[in-house]
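Notes for the one structure printed next.
Numbering of ligands and ligand atoms starts at 1, following listing order.
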Amino acid sequence: MMLLKLIARKKIKTILAIVFVLCLFLFTFIIDTHDFVKRARVLTGHIVLDNITCYGDSSTNGSIDTFSIYETMNKTVSSKNIFFFQTNCFGSEGVVLKPRQLCAIESAALMNPNMSIYLLILSHSKFSNNTEDNVKMLLTNYNNIFIKRIYTNDYFKNTPLEDWWKSGVFYESYWPKSHMSDVLRFLTLWKVGGIYLDLDIVVKSSLENLTDFVGAEDAIDANAAVFGLGHTEIGRHVANMCIEDLRKNFRGDNWGNNGPGVITRVLQKLCSTKNVADMTTSKCQGFTVYPPSDFFPIPWKKWKLYFDAKEKNKTMDKIKNSRTIHLWNLHSKSERINVGDQVPYGIIANKYCPMTYNNCGKVF
Ligand SMILES: *[C@@H]1O[C@H](CO)[C@@H](O)[C@H](O)[C@H]1NC(C)=O
Ligand SMILES: *[C@@H]1O[C@H](CO)[C@@H](O)[C@H](O)[C@H]1NC(C)=O
Ligand SMILES: *[C@@H]1O[C@H](CO)[C@@H](O)[C@H](O)[C@H]1NC(C)=O
Ligand SMILES: *[C@@H]1O[C@H](CO)[C@@H](O)[C@H](O)[C@H]1NC(C)=O
Ligand SMILES: *[C@@H]1O[C@H](CO)[C@@H](O)[C@H](O)[C@H]1NC(C)=O
Ligand SMILES: *[C@@H]1O[C@H](CO)[C@@H](O)[C@H](O)[C@H]1NC(C)=O
Ligand SMILES: *[C@@H]1O[C@H](CO)[C@@H](O)[C@H](O)[C@H]1NC(C)=O
């Protein structure tokens, strides 16, 4: 009897333990957020925080010129600038730009010959050997690409974020590289106006006449991977709102709070409606929210379609009329493409960043 009871009790304990583990599993999968999983990994020491030693660095070695807002001044009236940021810190090997990142820049330059395409970097001013050759090729073939360096301590001076930056709250971030990119895109468009693009985008059409706009990722969220703020009344108004929201609501422990979060909250206020799908240009006082088909024709959950030869025709048809494609690099970065593969991303790269694609070696 005693033995049976003991076994029964043990069984219950085992079952409880299994149920508990299952629940835990389900919990982590259901809360399918980037944040939760990554935060847990940070807390348990499974990932090394980004090396951001270059952020305070003011040494001026190397050959990359400093970005000055004055160089854009002659053009700011029409806001014909496109900005990309590379916020990694590099060691003695020098700054590395991957072919897919160069592809984003080349495609922007190719499709927008009347715009200035800026890549702004934070790390010390020397390219790695491989990158230098590719960069030289682009700079000699496109007269509208500019690569410049930003010194953070100077860049925040005389802006509404000066005290915020000095407070050091930024350094509490779990994802400083990503959050720095968030902050710089809003600050730069606040300073000079223009269009911001992520480095995992390919531009397929002219963005020249788009000024105050953002791309929606789905019915609920705007995505801060593509947006523009011009020198218009509404552009200035939204730029101020974004900076103010960032200053008040910056959170280092929430991955999406400081990019997509900022623009989505600002739009909810501006357009007096909650869902991005309901945000018409008239409700948004002249600011345009483009549907997912314009900039994100393939949703992130289907990112593999860009690498899928079997579904090629269907995918190419789906992205036929989009202005950009977004490769969801976070998910797709390890997916290999051999140059020449007949997969959508390869076909698009060959067409919109031909120099980069055909000079990157065997693997794109
Ligand atoms: C800058 O150059 C000086 C001398 O050329 C060198 O001593 C120093 O280590 C360099 N600093 C960096 C960050 O490369
Ligand atoms: C702006 O353009 C004028 C003439 O077109 C030129 O003289 C001036 O140096 C330019 N300013 C800057 C900051 O590039
Ligand atoms: C961080 O990057 C710098 C170069 O920017 C390098 O000198 C330093 O060794 C790196 N630190 C670590 C811990 O990797
Ligand atoms: C560039 O600008 C010129 C005149 O300013 C215009 O005629 C031309 O269509 C523009 N090119 C593109 C590709 O937008
Ligand atoms: C880069 O090139 C320089 C000069 O050609 C050479 O001295 C250096 O070893 C190279 N660095 C690497 C990492 O290949
Ligand atoms: C942008 O607008 C200008 C002026 O209306 C026009 O000349 C130009 O062709 C337009 N560019 C594109 C790419 O539509
Ligand atoms: C894709 O379209 C081409 C012609 O446009 C056709 O030859 C090919 O069979 C199609 N592939 C598939 C998988 O449907």
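Between Tyr290 and Phe295, the angle of the ring planes goes over 60°, which puts this pair in the perpendicular group of the 30/60° scheme.
Judged purely by atom type and a 3.5 angstrom limit, Asn141 uses its side chain to pair as donor or acceptor with the backbone of Met137.
Distances from atom 11 (N) of ligand 7 to the protein include at least one heavy-atom value under 4.0 Å. Within the 4.0 Å cut-off (strictly below), no protein heavy atom is located near atom 4 (C) of ligand 7. Distance check for atom 7 (O) of ligand 7: every protein heavy atom is found at 4.0 Å or beyond.
Taking a cut-off of under 4.0 Å to the non-hydrogen atoms of Ser206, the atoms of ligand 6 that pass are 13 (C). With ligand atoms numbered from 1 in the order given, ligand 6 contributes 1 (C), 2 (O), 3 (C), 8 (C), 10 (C), 11 (N), 12 (C), 14 (O) to contacts under 4.0 Å with heavy atoms of Asn209.
Nearest protein heavy-atom neighbour of atom 13 (C) of ligand 7: Lys310 O, 4.1 Å.
Rounding to the nearest 0.5 angstrom, the gap separating the CD atom in Gln268 from the CG atom in Asp245 is 10.0 Å.
The residues Asp154 and Lys157 are annotated as salt-bridged, a charged nitrogen and a carboxylate oxygen being separated by less than 4.0 angstrom.
The local environment of CG in Asn130 is sparse, with at most 12 non-hydrogen atoms from other residues, nucleotides or ligands closer than 6.0 Å.
Geometrically, ligand 7 and Asn313 share a nitrogen or oxygen pair separated by less than 3.5 Å.
No cation-pi contact links Arg185 to Phe227, judged by a cut-off of 6.0 Å to the six-membered ring centre and 45° from its axis.
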